[in-house]
**Q** 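Provided herewith is a single structure, encoded as structure tokens, for subsequent inquiry.
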Amino acid sequence: MARIARKLFDALAVSKELCLDAEQRASYLEERGGTFRAYRYPARDTAAVVQYMGMEPHTDSSVLSILNQDLVGGLQVLRDGSTGWRRVRPVEGTLLVNLGDMMQAMSGDAYRSAVHRVVAPSSPGTERMSLCYFAFPEEDAVIVHPSAGCYRGFSCREFREQVQADIKATGAKVGLARFRLHP
Ligand SMILES: O=C(O)CCC(=O)C(=O)O
Ligand SMILES: [Fe+2]
């Protein structure tokens, strides 16, 4: 997964939206600093009246996240500027890539961090499994976009600490809005 993340990142890094130099390419994605998570979403026992949320709406704090979901389905994304959720149809033998908050910051909002959620299965006895790899920058690399000026420079460590402080204080992640220069 780390190698796939590196290949994808290097391909994006030369795009006009990122245009990273060699040093940024190396420090904005740290192969050994990735996190791997395995999830199991059991179905609700009783007949669900409302959709039962397996994971609440959020953006990933990563640079990019690579997801392997099974065929049960349940992942949904919010399209930019829309309030409607779209189901992400599982396709056997494929990986899914979500861009995260770090990518949005380093591209000066050209690439957006996808808001997504997981709806747990509704049929009793069904469960959903997924594997997710999250790629991050080096802890102390300062993320800046040379011209966009959307965000003040910040490191992944600072971002994580801010997210944790916000969750502790308010119960929710504030995320990139904390670092935006012109709210
Ligand atoms: O389980 C999934 O499909 C998504 C998990 C996810 O969005 C996350 O861990 O951030
Ligand atoms: Fe996520």
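Atoms within each ligand, like the ligands themselves, are counted from 1 in listed order. For reference, positions follow the sequence shown, starting with 1. Keep in mind that what you see is a predicted model, and the values were worked out from it rather than measured.
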**Q** Has R152 got more than 12 heavy atoms of other residues, nucleotides or ligands less than 6.0 Å from its CZ?
**A** yes
**Q** Does any N or O in the side chain of R89 come within less than 3.5 Å of the main-chain N or O of G73, such that one atom is a donor and the other an acceptor?
**A**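 A pair under 3.5 Å: no.
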**Q** Would F154 and F159 count as a close aromatic pair, with their ring centres under 6.0 Å?
**A**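 When the ring centroids of F154 and F159 are compared, they turn out to be within the sub-6.0 Å range.
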**Q** Any donor-acceptor pair under 3.5 Å linking the side chain of S155 with the backbone of E158?
**A** yes
**Q** Non-hydrogen atoms of R117 versus ligand 1: any pair closer than 4.0 Å?
**A**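 Contact check R117 vs ligand 1: negative.
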**Q** So, is the end of the R25 side chain (NZ or CZ) under 6.0 Å from the ring centre of F9 and within 45° of the ring's axis?
**A**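 R25 over F9 ring: no.
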**Q** Can you confirm whether the side chains of R86 and Q76 place a donor and an acceptor under 3.5 Å from each other?
**A** no
**Q** At less than 4.0 angstrom from any non-hydrogen atom of R128, what atoms of ligand 1 do you find?
**A** 1 (O), 2 (C), 3 (O)
**Q** Which N, O or S atom name in D60 marks its closest approach to the Fe ion (ligand 2)?
**A**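 D60's closest N, O or S atom to the Fe ion (ligand 2) is named OD1.
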**Q** What protein heavy atom is closest to atom 6 (C) of ligand 1, reported as residue, atom name and distance in Å?
**A**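 Ranking protein heavy atoms by distance from atom 6 (C) of ligand 1, first comes M55 SD, 3.4 Å.
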**Q** Taking only non-hydrogen atoms of H116, do any sit less than 4.0 angstrom from ligand 1?
**A** yes
**Q** Between T170 (side chain only) and I167 (backbone N and O only), is there a donor and an acceptor less than 3.5 Å apart?
**A**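 A pair under 3.5 Å: no.
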**Q** Report whether any nitrogen, oxygen or sulfur of H58 sits less than 2.8 Å from the Fe ion (ligand 2) (N, O or S, backbone or side chain).
**A** yes
**Q** Got a salt bridge between K173 and D101, using NZ or NE/NH1/NH2 to carboxylate O under 4.0 Å?
**A**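 Salt bridge: yes.
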**Q** Looking at non-hydrogen atoms alone, which of L96, T35, V118, D70 comes nearest to atom 4 (C) of ligand 1?
**A** V118
**Q** Taking only heavy atoms of Y39, which atoms of ligand 1 are found under 4.0 Å from at least one of them?
**A** 1 (O), 5 (C), 8 (C), 9 (O)
**Q** One residue to check: D60. Relative to ligand 1, which of side chain, backbone, both or neither has a non-hydrogen atom less than 4.0 Å away?
**A** side chain
**Q** Just heavy atoms, cut-off under 4.0 Å: does S130 contact ligand 1 by side chain, backbone, both, or neither?
**A**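 For S130, only side-chain atoms sit under 4.0 Å from ligand 1.
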**Q** Heavy-atom contacts with Y41 under 4.0 Å: which atoms of ligand 1 show up? List them by number with element.
**A** 1 (O), 2 (C), 4 (C), 5 (C)
**Q** Could you pull out the atom name of the N/O/S atom in H116 that is nearest the Fe ion (ligand 2)?
**A**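 Restricting H116 to its N, O and S atoms, the minimum distance to the Fe ion (ligand 2) goes to NE2.
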